[in-house]
Amino acid sequence: MDEVGRYLEMGYKAIRAQSGVPGLKSTYGVSGDKLFYEPADANLPTENIWSTTKYLDHVPRLFEKLREKFGFEPHLLHDVHHRLTPIEAARLGKSLEPFRMFWLEDAVPAENQEGFRLIRQHTVTPLALGEVFNSIFDCKQLIEEQLIDYIRTTVVHAGGITHLRRIADLAALYHVRTGCHGATDLSPVCMGAALHFDLWVPNFGIQEYMRHSEETDAVFPHAYTFSGGFLHPGEAAGHGVDIDEKLAAKYPYQRAYLPVNRLEDGTMWNW
Ligand SMILES: [Mg+2]
């Protein structure tokens, strides 16, 4: 609750709200005391425990409280992290309808694209997907059948700027808008390129902006800025992001794994 208030104070107009789930020791998407969230947090994988029942009970209450406290002006988003089945995601989308979400992200594993038909039949909560997609063919069915509202492909994963433009043009025909992935595991170079793409794209929806650490910002001096809730690519030539190789050499590679996710009975589950 306090974190959402903190981002509103910084001028953010749309905030993805994630939280711990009562009864579960740890989960994804929660940054703690930092302004960024880095899930790859250990030299060898740590373990998260997951309960769909506890999660589905908790999330609608979280958004009820957020709307009570902050009203309906800020856009609120939520990432499911591919952890539900289609019928469970349909239930979640339905239960979140009173809180008018900007989007529900990664509701089910992205490989199961037909699953989105079932979710769509049951809820008008807007759906976002595609941060792990690599080409226009990964997006084709979801866009052509109008199963999603936002396509989350990024410059670096989905074939570069030209290919991303092709995806955006296909999406525009079906009222699907863009919402490029912008987590901190994507470098400032990717952010700079994404912002130039965003400035061009007619069916722009939103740009994810998770702040990099001060160290990362220093290694990648960049022209883009964040002010009053808006990102701007700046006036520099090209994507406007440089790399300070001397400074980068001060930070040797450190192995870091994503956690393993298990159900309470030990079954492996989707991260
Ligand atoms: Mg996500």
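One-based numbering, in listed order, for ligands and for the atoms of each. Just so you know, residue 1 is the first one in the sequence shown, and it goes up from there. The analysis underlying the following values was restricted to heavy atoms, covering all of them including side chains, and did not include hydrogens, waters or symmetry mates.
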Checking one value in my table: which N/O/S atom of [X] lies closest to the Mg ion (ligand 1)?
{"X": "E105", "result": "OE2"}
{"X": "D79", "result": "OD2"}
{"X": "E131", "result": "OE1"}

Discussion item. Strictly below 4.0 Å, N to O, side chains only: are E73 and K13 in salt-bridge contact?
Written reply: no

(request) Output yes when R16 and E208 qualify as a salt bridge under the 4.0 Å nitrogen-oxygen rule, no when they do not. (result) yes

Subject >> Row check, W50 ring normal vs R262 NZ/CZ: under 6.0 Å, within 45° >> reply: no

With a 4.5 Å limit on heavy-atom distance, are the side chains of M268 and N261 in contact? no

